[in-house]
Participant: 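First, the structure itself, so that you have it in front of you.
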Amino acid sequence: MAKLYFRYGAMNSGKSTALLQAAYNYEERGQRVLLAKPAIDTKGASQIESRLGMTREVDFLIAAGESARDLFRAEREKARQDGSDIACLLVDEAQFLEPEQIDDLFRIAVEDEIPVLAYGIRNDFLTHAFPGSGRLLAIAHTLEELKTICRCGRKAVFNGRRVGDRFVFDGDQVAIDGEAVTYESLCGHCYLEESGGRLS
């Protein structure tokens, strides 16, 4: 039976790099994969960008309110018309998907029998679960943490939001990494230090 996998980690834990490596591994063995990401993730436009400099165009973007399963099925039908089928669906920045879209990914794995590998972060900069991540933690068949380290050398578990040279602890849940906003992976100790002991 195909499964829904959630591979999660703090910022800079290599999630996009791992996704691109998984796609390469499938394709090296002659398998066809589909890559997708939420349309709200404007970093890289319609590409998946690894911090190591690797990029790849996605096969489809998933906008708010859209059915991830319908989009997947349309792309799968194109592949079948070309005489092939899809071996795996890989989704980057899955935390930005809506819970219903995560349910679509589960149905793709269980009912359409296609493995789905979803990559993302669990919590926002205030330590609150993203709705998509919360749903993945609840229903994914397999959970796998991708680890990274904090500036102090401890295991990083939180994502601190920086504006300029200071950490901020208010604002919208979604602010895409870029010129105005950046993120730093932090351990629990450094997060509490930067937040003045605040966890939300």
Side-chain angles (χ1 to χ4, degrees), residues 4-23 35-45 47-56 58 64 90-99 101-102 105 117-200:
L4 171 59
Y5 299 82
F6 183 32
R7 296 179 174 167
Y8 65 90
M11 298 290 289
N12 301 316
S13 59
K15 297 176 299 297
S16 296
T17 302
L19 182 153
L20 295 172
Q21 180 66 52
L35 276 63
K37 75 175 192 174
I40 193 172
D41 179 31
T42 55
K43 180 181 163 193
Q47 291 186 327
I48 293 174
E49 288 187 346
S50 162
R51 292 182 192 277
L52 294 181
M54 298 181 298
T55 62
R56 178 161 168 179
V58 298
L90 300 115
V91 182
D92 201 26
E93 304 293 353
Q95 73 272 5
F96 295 138
L97 293 177
E98 298 162 344
Q101 293 168 329
I102 300 300
L105 300 184
L117 282 60
Y119 295 77
I121 57 178
R122 290 183 304 171
N123 303 328
D124 64 17
F125 71 111
L126 295 175
T127 72
H128 300 151
F130 283 96
S133 298
R135 190 67 181 142
L136 278 161
L137 289 167
I139 67 171
H141 295 96
T142 300
L143 302 173
E144 179 184 339
E145 183 178 16
L146 304 178
K147 298 172 181 69
T148 191
I149 59 169
C150 178
R151 61 188 176 204
C152 70
R154 295 180 183 104
K155 178 184 165 188
V157 292
F158 296 115
N159 304 295
R161 180 182 287 175
R162 297 180 76 118
V163 176
D165 61 352
R166 66 183 180 87
F167 284 95
V168 296
F169 296 91
D170 56 16
D172 294 335
Q173 185 175 51
V174 177
I176 303 300
D177 193 11
E179 288 180 28
V181 173
T182 58
Y183 293 90
E184 182 180 337
S185 304
L186 298 170
C187 69
H189 183 270
C190 289
Y191 185 91
L192 289 173
E193 187 176 89
E194 292 293 345
S195 70
R198 173 180 168 183
L199 270 176
S200 62

Participant: Determine the minimum heavy-atom distance between Ile102 and Ala94, stating which atoms define it.
Facilitator: CD1-O, 4.0 Å

Participant: Short question: side chain of Ser13, backbone of Thr148 - any donor-acceptor pair under 3.5 Å?
Facilitator: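 It does not hold such a pair.
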
Participant: Do Leu4 and Leu136 touch side chain to side chain, with heavy atoms closer than 4.5 Å?
Facilitator: yes

Participant: Is a donor on one side and an acceptor on the other found under 3.5 Å between the side chain of Lys15 and the backbone of Leu19?
Facilitator: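 Looks like no, no N/O pair under 3.5 Å.
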
Participant: Are any of the side-chain heavy atoms of Leu186 and Asn159 separated by less than 4.5 Å?
Facilitator: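 No. Closest side-chain heavy atoms not under 4.5 Å.
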
Participant: With sequence neighbours left out, which residue pairs that include part of residues 146-167 fulfil the ring-ring contact (aromatic ring centres under 6.0 Å, His included) condition?
Facilitator: Phe158-Tyr191

Participant: Tell me, with the steps shown, if Val181 and Arg161 meet side chain to side chain contact (heavy atoms under 4.5 Å, CB included).
Facilitator: CA-CA 7 Å; Val181 173; Arg161 180 182 287 175; 3.6 Å; yes

Participant: So do the side chains of Lys37 and Val91 get within less than 4.5 Å of each other, counting heavy atoms only?
Facilitator: no

Participant: Hey, does Phe169 have a side-chain heavy atom less than 4.5 Å from the side chain of Arg198?
Facilitator: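 A side-chain contact exists here, since the closest heavy-atom pair is under 4.5 Å.
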
Participant: Suppose we screen for ring pair (Phe, Tyr, Trp, His ring centres under 6.0 Å). Which residues come up paired with Tyr8, at least two apart in sequence or across chains?
Facilitator: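 Checked Tyr8 against ring pair (Phe, Tyr, Trp, His ring centres under 6.0 Å); matches are Phe6.
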
Participant: About how many Å separate CE of Met11 and OH of Tyr183, when rounded to the nearest 0.5 Å?
Facilitator: 7.0 Å

Participant: For Arg56, which residues count as a salt bridge (Lys or Arg N to Asp or Glu O under 4.0 Å) partner, sequence neighbours excluded?
Facilitator: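 Per chain and number, Arg56 pairs via salt bridge (Lys or Arg N to Asp or Glu O under 4.0 Å) with Glu27.
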
Participant: Sort out for me which residue in Leu90, Thr55, Leu35 forms a side-chain contact (heavy atoms from CB on, under 4.5 Å) with Leu20.
Facilitator: Leu35

Participant: Looking at residues at least two apart in the chain, or sitting in another chain, which of them share a side chain to side chain donor-acceptor pair (under 3.5 Å) with Thr17?
Facilitator: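 Residues passing side chain to side chain donor-acceptor pair (under 3.5 Å) with Thr17: Ser50.
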
Participant: Partners of His189 by ring pair (Phe, Tyr, Trp, His ring centres under 6.0 Å), sequence neighbours excluded?
Facilitator: none

Participant: What verdict does the side chain to side chain contact (heavy atoms under 4.5 Å, CB included) test give for Cys150 and Ser185, after you've listed the backbone C-alpha separation in whole Å, the side-chain angles of each residue and the deciding distance to 0.1 Å?
Facilitator: CA-CA 6 Å; Cys150 178; Ser185 304; over 6 Å; no

Participant: Strictly by salt bridge (charged side-chain N to carboxylate O under 4.0 Å, His left out), give each pair with a member in residues 118-144 just once, sequence neighbours left out.
Facilitator: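 Found Arg7-Glu144, Asp103-Arg135.
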
Participant: Tell me, please, which residues at least two apart from Ile149 pass side-chain contact (heavy atoms from CB on, under 4.5 Å).
Facilitator: none

Participant: Donor-acceptor pair, distance only, cut-off 3.5 Å: does the side chain of Thr127 make one with the backbone of Leu199?
Facilitator: yes

Participant: Can you confirm whether Glu98 sits close enough to Pro38 that some side-chain heavy atom of one is under 4.5 Å from a side-chain heavy atom of the other?
Facilitator: no

Participant: Could you name each residue pair satisfying salt bridge (charged side-chain N to carboxylate O under 4.0 Å, His left out) that touches residues 149-158, not counting sequence neighbours?
Facilitator: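 Output for this query lists Glu145-Lys155, Arg151-Glu184, Arg151-Glu194.
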
Participant: What pairs with Gln101 under side chain to side chain donor-acceptor pair (under 3.5 Å), at least two apart in sequence or on another chain?
Facilitator: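 Side chain to side chain donor-acceptor pair (under 3.5 Å) check on Gln101 returns nothing, list empty.
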
Participant: Does either side chain, that of Asp92 or that of Ser16, offer a donor lying less than 3.5 Å from an acceptor on the other one?
Facilitator: yes

Participant: Please name the pair of heavy atoms, one in Ile121 and one in Phe130, separated by the smallest distance, quoted to 0.1 Å.
Facilitator: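 Scanning both residues, the minimum pair turns out to be CD1-CE1, 3.6 Å.
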
